[in-house]
Protein chains: 2
Amino acid sequence: MPVGFNVDEMKRLDEVVEKRRRVKQGELLFNSGDTFTSLYAIRTGFFKTCVTSEDGREQVTGFQMAGEIIGMDGIVSDRHNCNAVALEDAEVCVMPFATVEDLSRELPALQRHVHKIMSREIVRENSVMMLLGNMRAEERLAAFLLNLLQRLHARGLSQSELVLRMTREEIGSYLGLKLETVSRAFSKFSEDGIIEVKQRYVKILAPEALKKIFNPQTLL
Amino acid sequence: MPVGFNVDEMKRLDEVVEKRRRVKQGELLFNSGDTFTSLYAIRTGFFKTCVTSEDGREQVTGFQMAGEIIGMDGIVSDRHNCNAVALEDAEVCVMPFATVEDLSRELPALQRHVHKIMSREIVRENSVMMLLGNMRAEERLAAFLLNLLQRLHARGLSQSELVLRMTREEIGSYLGLKLETVSRAFSKFSEDGIIEVKQRYVKILAPEALKKIFNPQTLL
DNA sequence: ATTATCTTTTGATGTGTATCAAAGGCTTTT
DNA sequence: AAAAGCCTTTGATACACATCAAAAGATAAT
C-alpha cells in the first residue's frame with residue numbers, strides 16, 4: 001500500500017506484519033480497555049469502531065474497509081479507547097506498534113506514512129464534527145453515501161452502486177440520527193429519484209442531486 | 001514538556017524549535033489551505049481551530065491552551081485543513097515538521113511523544129463525536145466545562161473557577177448548539193445553584209452536580 | 001420448512017433546540 | 001464621556017428530529 005519504497009525497503013516492511021488474524025462477522029478485533037500492542041491493516045472485510053459512554057450510549061466513530069488502518073486510538077494510553085467490530089468476515093494484518101516505530105526510525109518513507117495516516121484520521125474526524133454540528137439529516141446521509149462511494153471507487157468498485165455493510169441503526173449512530181430518521185431519509189431520496197434502495201443495496205441514480213444536497217451552495 | 005529525556009537529549013530537542021511567533025488576539029496562526037510546514041507548541045495564549053464548509057458554515061473543532069500542540073491537521077496533505085485563530089494574545093514555538101521527523105528518528109522518546117500527541121487528538125475527537133451525536137444541550141455544556149477545568153487544573157489553575165476565552169457563539173459552534181441555547185444552559189445551571197456566571201467568568205459551586213449532568217448514570 | 005429474531009419502513013405524536021425578536025450590558029472607539 | 005459595536009440574555013414561536021407504535025420484510029435458527 002505505502003508508496004515511495006524501493007525493493008529493499010519493501011522487504012523490510014514485511015517484518016512489520018507479525019501475522020494475520022481472521023475476525024468473523026460480529027466479533028471484536030479489539031475492545032475499549034484492551035492493552036494496545038498493534039495496529040491492524042484491514043486486508044478484507046469491513047469494520048465499525050465505536051465508543052460507549054458510561055451510561056451505555058454508543059457512538060459509532062467510523063467505518064473502515066480494506067486497505068485502511070485501525071487501532072491508532074490505543075497509542076496515547078497503551079489501551080484501546082474504542083471497540084472495533086467486524087461487520088463482515090474479515091482478515092487483518094497485525095502490525096505490532098513497537099515494530100512499526102523501530103522500522104519507521106530507519107525508513108523515513110514509513111515514518112512519513114504513519115504520520116499521514118494519523119493526520120488523515122484527525123482531518124476525517126474534523127469533517128464528521130462539521131457533519132454532526134451543522135448539517136441536517138438528509139445532508140448527513142448524502143455526505144455519508146458520497147464518502148462511502150468515493151472510498152469504494154478508489155478500490156476499483158462502482159461509483160454508482162454499493163451494498164451497505166451496516167444497519168440503519170449503525171448509520172444513524174455514526175450520523176447522530178435515529179434509525180427511523182435514516183430510513184426516512186433513504187425513502188425521501190428514493191421518492192425523489194435520487195437513489196434506488198432495496199434493503200442494503202443502494203444504487204445512485206442522480207449523483208449530482210446527492211452532491212447538491214450535501215453541499216447546497218452549489219445551487220448558486 | 002515531554003518527559004523521558006536526558007540532558008543531552010533535551011539539548012537536541014532545542015534544535016526543533018526554529019523560532020517563536022507572536023499572534024495577536026483575533027489573528028490567524030494558520031489558515032485552511034496554507035502550506036503546512038510546522039507544528040506549533042503554544043507557550044502562552046488560547047486558540048480555537050475551526051473548519052468551514054463550502055457554503056460558509058463554521059464548525060469549531062477545538063480550543064487549545066498553553067502546552068498543547070496545534071497543526072497536525074496539515075500533515076496528511078501538506079496543507080492545513082483548518083483555521084487556527086488566537087482568542088487572546090499568544091506566543092507559539094514554531095517547530096518545522098521536517099525537523100521533528102528527522103529528530104524523532106534519532107530520539108525514540110520524541111518519536112513516541114509525537115505519536116501519542118496525535119493519538120490523543122484522535123481520541124479527543126472521538127469523545128466530541130459522542131458529545132455531538134448523543135448528548136443534550138446541558139450535558140454538552142457540562143462536559144465542556146469539566147474538560148476545560150480539568151485542563152486548567154493540570155496547569156496549576158483553580159479547579160473551581162475559570163474565565164472563558166471564547167464567546168457563547170464559539171462554545172455553541174464547538175458543541176453543535178446555537179448561542180442562545182448555550183446562554184440558556186448557563187442560566188439554567190446558575191438558577192440551579194450549580195455555577196455562578198458573570199459574563200466570561202464562571203465559578204463552579206457544585207462540581208458533583210455538574211458531573212451528574214454530564215454522566216447521568218452516576219445517579220444510579 | 002417453520003419459527004423466531006432482527007431489521008426496516010411508515011404513521012402519529014411529542015419535544016428539544018432553532019429561529020426570530022428585542023432589550024440590556026460590556027467593551028472599544030473617537 | 002459619548003457613541004458605536006459587539007456580546008449576552010430572555011421570551012415567543014416554529015420546526016426538525018425523536019419517540020412511540022405497529023406491521024411487513026429479511027435473516028438466522030431449529
Side-chain angles (χ1 to χ4, degrees), chain A residues 24-27 46 48 57-60 85-89 131-145 162-192 195-203 213 216, chain B residues 24-27 48 57-60 85 87-89 131-145 163-192 195-202 213 216:
Chain A
K24 283 203 173 294
Q25 182 171 6
E27 287 182 355
F46 202 91
K48 71 168 177 181
R57 283 178 281 191
E58 180 174 296
Q59 173 71 38
V60 171
V85 182
L87 296 182
E88 60 180 11
D89 290 358
L131 192 115
L132 293 171
N134 278 296
M135 296 167 83
R136 12 255 289 324
E138 287 176 22
E139 294 178 291
R140 296 184 199 190
L141 186 61
F144 170 74
L145 288 173
L162 75 163
V163 175
L164 298 169
R165 250 70 223 207
M166 67 297 279
T167 66
R168 301 289 189 262
E169 186 168 22
E170 287 162 337
I171 296 171
S173 173
Y174 183 58
L175 299 178
L177 302 169
K178 292 296 163 184
L179 70 95
E180 295 94 329
T181 305
V182 174
S183 176
R184 279 184 238 271
F186 269 120
S187 299
K188 178 68 164 39
F189 288 171
S190 184
E191 283 162 28
D192 294 350
I195 63 174
E196 188 187 312
V197 197
K198 207 182 240 173
Q199 296 293 123
R200 304 279 178 101
Y201 169 83
V202 180
K203 183 172 194 169
I213 290 167
Chain B
K24 284 203 173 293
Q25 184 172 4
E27 287 181 355
K48 71 168 177 182
R57 285 177 279 191
E58 181 175 295
Q59 172 71 38
V60 172
V85 182
L87 296 182
E88 61 180 11
D89 290 357
L131 192 116
L132 292 171
N134 279 295
M135 297 168 83
R136 356 211 6 288
E138 288 176 23
E139 294 179 289
R140 296 185 199 190
L141 186 62
F144 170 74
L145 289 173
V163 176
L164 298 169
R165 250 69 227 207
M166 67 297 280
T167 67
R168 302 288 190 262
E169 186 168 22
E170 286 161 337
I171 297 171
S173 173
Y174 183 58
L175 299 179
L177 302 169
K178 292 296 163 185
L179 70 96
E180 296 95 329
T181 305
V182 174
S183 176
R184 281 184 237 270
F186 270 119
S187 299
K188 178 67 164 38
F189 288 172
S190 184
E191 284 163 29
D192 293 351
I195 63 174
E196 189 188 312
V197 197
K198 208 182 240 174
Q199 298 293 121
R200 304 280 178 99
Y201 169 82
V202 180
I213 291 167

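Note that the coordinates shown come from a computational prediction; the quantities given were computed from them, not determined experimentally. Heavy-atom basis, side chains included; hydrogens, waters and symmetry copies ignored. Per chain, numbering begins at 1; letters A, B, ... match sequence-line order.
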>> Can you give me the closest heavy-atom contact between A:Glu58 and A:Ser173, atom names plus distance?
In response: O-OG, 3.3 Å
> What does A:Gly176 touch in the nucleic acid at a heavy-atom separation under 4.0 angstrom: a base, only the sugar-phosphate, or nothing?
Replying inline: sugar-phosphate
>> Please report the distance, rounded to the nearest Å, between NZ in B:Lys178 and P in D:dC17.
In response: 13 Å
> Between B:Glu138 and B:Gln25, which has a closest nucleotide on DNA chain C that is more 5'?
Replying inline: B:Glu138
> Between A:Leu87 and A:Arg165, what is the shortest heavy-atom contact and its length?
Replying inline: CB-O, 3.7 Å
> So does A:Arg136 get a side-chain nitrogen or oxygen closer than 4.0 Å to the phosphate oxygens (OP1/OP2) of D:dA16?
Replying inline: yes
> Got a second to check how far B:Leu145's CG is from B:Ile213's CD1, nearest 0.5 Å?
Replying inline: 10.0 Å
> Side-chain N or O of A:Ser187 less than 4.0 angstrom from OP1 or OP2 on C:dT9?
Replying inline: no
> Which part of the nucleic acid does A:Glu180 contact within heavy-atom distance under 4.0 Å: base, sugar-phosphate only, or nothing?
Replying inline: base
> Just to confirm, is there a sub-4.0 Å distance from OP1 or OP2 of D:dC7 to any side-chain nitrogen or oxygen of B:Thr167?
Replying inline: no
> When the nearest nucleotide of DNA chain D is assigned to A:Lys198 and to A:Leu179 on a heavy-atom basis, which residue is associated with the more 5' position?
Replying inline: A:Leu179
>> Students often get this wrong, so: under 4.0 angstrom with heavy atoms, is A:Arg184 touching a base, only sugar-phosphate, or nothing?
In response: base
> What pair of heavy atoms forms the shortest contact from A:Leu164 to A:Arg168, and how long is it?
Replying inline: CD1-NH1, 3.7 Å
> Which part of the nucleic acid, if any, lies within contact of B:Arg140, taking any heavy atom under 4.0 Å across all strands shown: a base, the sugar-phosphate backbone alone, or nothing?
Replying inline: nothing
